[in-house]
**Student:** 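Below you'll find the structure I mean.
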Amino acid sequence: MLEPRYGEILQYNNLRGKDIISARDLSREDLEAIFRVADSYEENPSTYRDLLKGKTVALIFVEPSTRTYHSFEKASRILGCEVIGIRDPSISSMAKGENLYDTIKMIESYGADLIVLRHPSRGAALYAAEISRVPVINGGDGSREHPTQAILDLYTIYRKRGSIDGLRIGFLGDLRFSRTVSSLSYALTLFRDVEIYYIAPPMLQIRREVEVYLELRGVKYTKITDIGSAANALRNIDVLYVTRLQKERFPDPGEYEKLRGAYTVTPEILRIARSDVGIMHPLPRVDELSPELDGTPNAWYFDQARWGVNVRVALISLILG
C-alpha cells in the first residue's frame, strides 16, 4: 500500500498488475500517465526513493543488453526493490538445458513481484506471461517487439517536440528485423494525424504484419525502397529514426554481408532534411550513424538513452504501486 504522499502521483490504476508484452497492449491514456510520472520523477527524484521497498524485480536477460538491462536495474533500485535474475545465461542452469517454463517458475518461487524478460525467441514474453503469476514486461523478444523501448522513444519525442500528434516520422535502416521499429509503429497509431515513411531496401522493408496493423488503424505510411531517392521524404519529416543491421537475426549471413554499409547517416543529411529534424537511434550503433552528428542539436539519441531510467521508474511504479 502506498503512502498517502504518493497517492496523487500514482492515482492512475489502469497499469496496475498488467503485463506489457506488446505496444498494442497500451492505450494513449497509459502512455500519457507514464509520461507524467516520468516527468515527475525527473522534477523530484527523492519522492520515488524507496517507493516500492520490499518488492522484488527479476531481470531475466537471455540476450545481451546494456541500456535496457541497466535502466531497469537502476530504476528498480531507485524504487527500493530487490533485484534478482539472470544476466549471463551461460553461467545459469539454462546452459544445462533448463527450459523457460522452469526458469519462470523458479524465479517466481524466489518471491519476484515483477519479471522483465529479454529473449531471442519471438513470443517468449507472451508465453512467460501466460505461465507467470506475476506481471511480465517484455524487454525485447526476437525481432517481434520491444514495447518499453517504444514508450521511451515516444517519451523522447514528447520531451523534444512537446507533442506527438501531427508529426511525420521516418524510419531508416533494418526495418524488417528491428523489434523497436515495429513496437514504435504500433504505438504511433495512438496519436492523431501521424504519417510514417519507411526507408529501406526491399530486403529490409517493414514486415507485412505491421503494415496490416497500420491499415486497420487508418495510419498513412509510405515505403521508399531506393534510399538514394529519399530526399523528398527527408525534407518533410520531423523525426528520423535510424536502426542498425540486425546481423544476429539474418537467416542468411551472406545477405547481411551484401547489405552491410548500405546506408550511413552523416552530417550531409542535415543539408537535406529540416533544420530541426530530430535523429533517434535505439543504440547500439555500428556504422550507420556518423559520430560527427553527436555534437549537433539534432542528435537526440543520447537523451533517448538517458531517459530510459525515467520511463522505467514510471512503468514499474505504475505496475507495482
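The chain is numbered in sequence order, starting from 1.
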**Student:** I'd like to know whether CD of E42 has more than 12 heavy-atom contacts from other residues, nucleotides or ligands below 6.0 angstrom.
**Tutor:**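 Above 12, so yes.
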**Student:** Going by the side-chain contact (heavy atoms from CB on, under 4.5 Å) test, name the single residue among L188, D193, I157 that passes it with L167.
**Tutor:**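 For L167, the side-chain contact (heavy atoms from CB on, under 4.5 Å) check succeeds only for I157.
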**Student:** Are more than 12 heavy atoms from other residues, nucleotides or ligands located less than 6.0 Å from atom CZ of F302?
**Tutor:**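 Check passes, neighbour count above 12.
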**Student:** Under the 3.5 angstrom rule, does the side chain of D19 hit a backbone N or O of V136 as a donor-acceptor pair?
**Tutor:**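 Yes: the side chain of D19 pairs with the backbone of V136.
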**Student:** Classify the angle between the aromatic ring planes of Y101 and Y127 as parallel (below 30°), tilted (30 to 60°) or perpendicular (above 60°).
**Tutor:**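 Answer is tilted, since the angle falls between 30° and 60°.
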**Student:** Compute both the distance and the angle, then confirm whether R118 meets the cation-pi test with Y69: under 6.0 Å from the six-membered ring centre, within 45 degrees of the axis.
**Tutor:**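 No, R118 does not lie over the aromatic ring of Y69.
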**Student:** Parallel, tilted or perpendicular: which one describes the rings of W307 and Y155, with boundaries at 30° and 60°?
**Tutor:**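 Perpendicular: the ring planes of W307 and Y155 meet at over 60°.
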**Student:** Distance-only, no hydrogens or angles: does the S183 side chain make a donor-acceptor pair with backbone N or O of H146 under 3.5 Å?
**Tutor:**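 Indeed, once roles are kept as given, a pair shorter than 3.5 Å links the two residues.
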**Student:** Apply side chain to side chain donor-acceptor pair (under 3.5 Å) to residues E108 and S132 and explain how you reach the verdict.
**Tutor:** CA-CA 7 Å; E108 274 185 355; S132 172; 3.1 Å; yes
**Student:** Can you hop from I34 to L114 via hydrophobic side chains spaced under 4.5 Å?
**Tutor:**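 Per the 4.5 Å side-chain linkage, I34 and L114 are co-clustered.
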**Student:** Would the distance check show the side chain of R161 and the main-chain N or O of D238 forming a donor-acceptor pair, the cut-off being under 3.5 Å?
**Tutor:**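 Yes; at least one donor-acceptor contact below 3.5 Å.
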**Student:** State which residue, out of D276, D153, D303, fulfils the salt bridge (Lys or Arg N to Asp or Glu O under 4.0 Å) condition with K160.
**Tutor:**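 Per the salt bridge (Lys or Arg N to Asp or Glu O under 4.0 Å) rule, the option paired with K160 is D303, out of D276, D153, D303.
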**Student:** Less than 4.0 angstrom from a charged side-chain N to a carboxylate O is my criterion; do E209 and R24 meet it?
**Tutor:**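 No, this pair does not count.
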**Student:** Which atoms form the tightest heavy-atom contact between R192 and D165, and what is the distance?
**Tutor:**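 Heavy atoms only, the tightest pair is N-OD1, 2.7 Å.
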**Student:** Any idea which heavy atoms bring S229 and I224 closest together, and the distance?
**Tutor:**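 So the two residues come closest at OG-CG2, 4.0 Å.
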**Student:** With the side chain counted from C-beta on, respond yes when F72 and I316 share a heavy-atom pair under 4.5 Å apart, and no when they do not.
**Tutor:**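 Yes; the side chains approach each other to less than 4.5 Å.
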**Student:** Using a 3.5 Å distance criterion without hydrogens, assess whether the side chain of S40 forms a donor-acceptor pair with backbone atoms of R36.
**Tutor:**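 Side chain of S40 to backbone of R36, a donor-acceptor pair under 3.5 Å: no, none is there.
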**Student:** Minimum heavy-atom separation for H281 to L283, with atom names?
**Tutor:**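 H281 and L283 have their closest heavy atoms at ND1-N, 2.7 Å.
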**Student:** Would you say the side-chain atoms of S182 pair up with the backbone N or O of R144, donor to acceptor, closer than 3.5 Å?
**Tutor:**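 Present.
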**Student:** Would you say the side-chain atoms of T68 pair up with the backbone N or O of S65, donor to acceptor, closer than 3.5 Å?
**Tutor:**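 Answer holds: no.
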**Student:** Walk me through whether Q205 and Y198 qualify under side chain to side chain donor-acceptor pair (under 3.5 Å).
**Tutor:** CA-CA 7 Å; Q205 265 294 344; Y198 293 117; over 6 Å; no
**Student:** Are V265 and L204 connected into the same hydrophobic cluster when the rule is that any two of I, L, V, M, F, W, Y join if their side-chain heavy atoms are below 4.5 Å apart?
**Tutor:**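 In one cluster with L204: V265, yes.
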**Student:** Is a donor on one side and an acceptor on the other found under 3.5 Å between the side chain of R176 and the backbone of M203?
**Tutor:**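 Pair found, side chain donor or acceptor close to backbone of M203.
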**Student:** Considering only NZ, NE, NH1 and NH2 on the basic side and carboxylate oxygens on the acidic side, decide whether R77 and E73 come within less than 4.0 Å.
**Tutor:**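 Answer for the salt bridge query: yes.
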**Student:** Between I104 and V116, is there shared hydrophobic-cluster membership here, with clusters defined by ILVMFWY side-chain heavy atoms closer than 4.5 Å?
**Tutor:**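 Hydrophobic grouping puts I104 apart from V116.
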**Student:** Quick one: closest heavy-atom pair of E288 and V242, and the distance?
**Tutor:**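 It is CG-CG1, 3.9 Å.
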**Student:** Does D141 pair with R179 as a salt bridge, N-O distance under 4.0 Å?
**Tutor:**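 Salt bridge flag = no for R179 with D141.
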**Student:** Shortest non-hydrogen contact from I272 to R235?
**Tutor:**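 Heavy atoms of I272 and R235 come nearest at O-CG, 3.3 Å.
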**Student:** Report the residue from L172, N236, I169 that forms a side-chain contact (heavy atoms from CB on, under 4.5 Å) with Y197.
**Tutor:**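 Between Y197 and the candidates, side-chain contact (heavy atoms from CB on, under 4.5 Å) is satisfied uniquely by N236.
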**Student:** Please check if the side chain of T225 supplies one atom and the backbone of P202 the other of a donor-acceptor pair under 3.5 Å.
**Tutor:**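 Flag not set: sc T225 to bb P202 has no pair under 3.5 Å.
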**Student:** List the steps, then state whether side chain to side chain donor-acceptor pair (under 3.5 Å) holds for T180 with S178.
**Tutor:** CA-CA 5 Å; T180 66; S178 171; 3.0 Å; yes
**Student:** Does NZ in K105 sit with more than 12 non-hydrogen atoms of other residues, nucleotides or ligands closer than 6.0 Å?
**Tutor:**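 More than 12 within 6.0 Å, yes.
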**Student:** Side-chain heavy atoms nearer than 4.5 Å, only ILVMFWY residues, links allowed to pass through others: does that put L26 and L126 together?
**Tutor:**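 Hydrophobic grouping puts L26 apart from L126.
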**Student:** Got a donor-acceptor contact below 3.5 angstrom from the N298 side chain to the I279 backbone?
**Tutor:**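 Such a contact is absent between N298 side chain and I279 backbone.
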**Student:** Restricting to non-hydrogen atoms, name the atom on D294 and the atom on A299 that form the minimum distance, rounded to 0.1 Å.
**Tutor:**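 Distance-wise, the nearest heavy atoms are O-CB, 3.8 Å.
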**Student:** Same cluster or not: I319 versus I60, using hydrophobic residues (I, L, V, M, F, W, Y) connected whenever any side-chain heavy atoms lie under 4.5 Å apart?
**Tutor:**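 No, I319 and I60 fall in different hydrophobic clusters.
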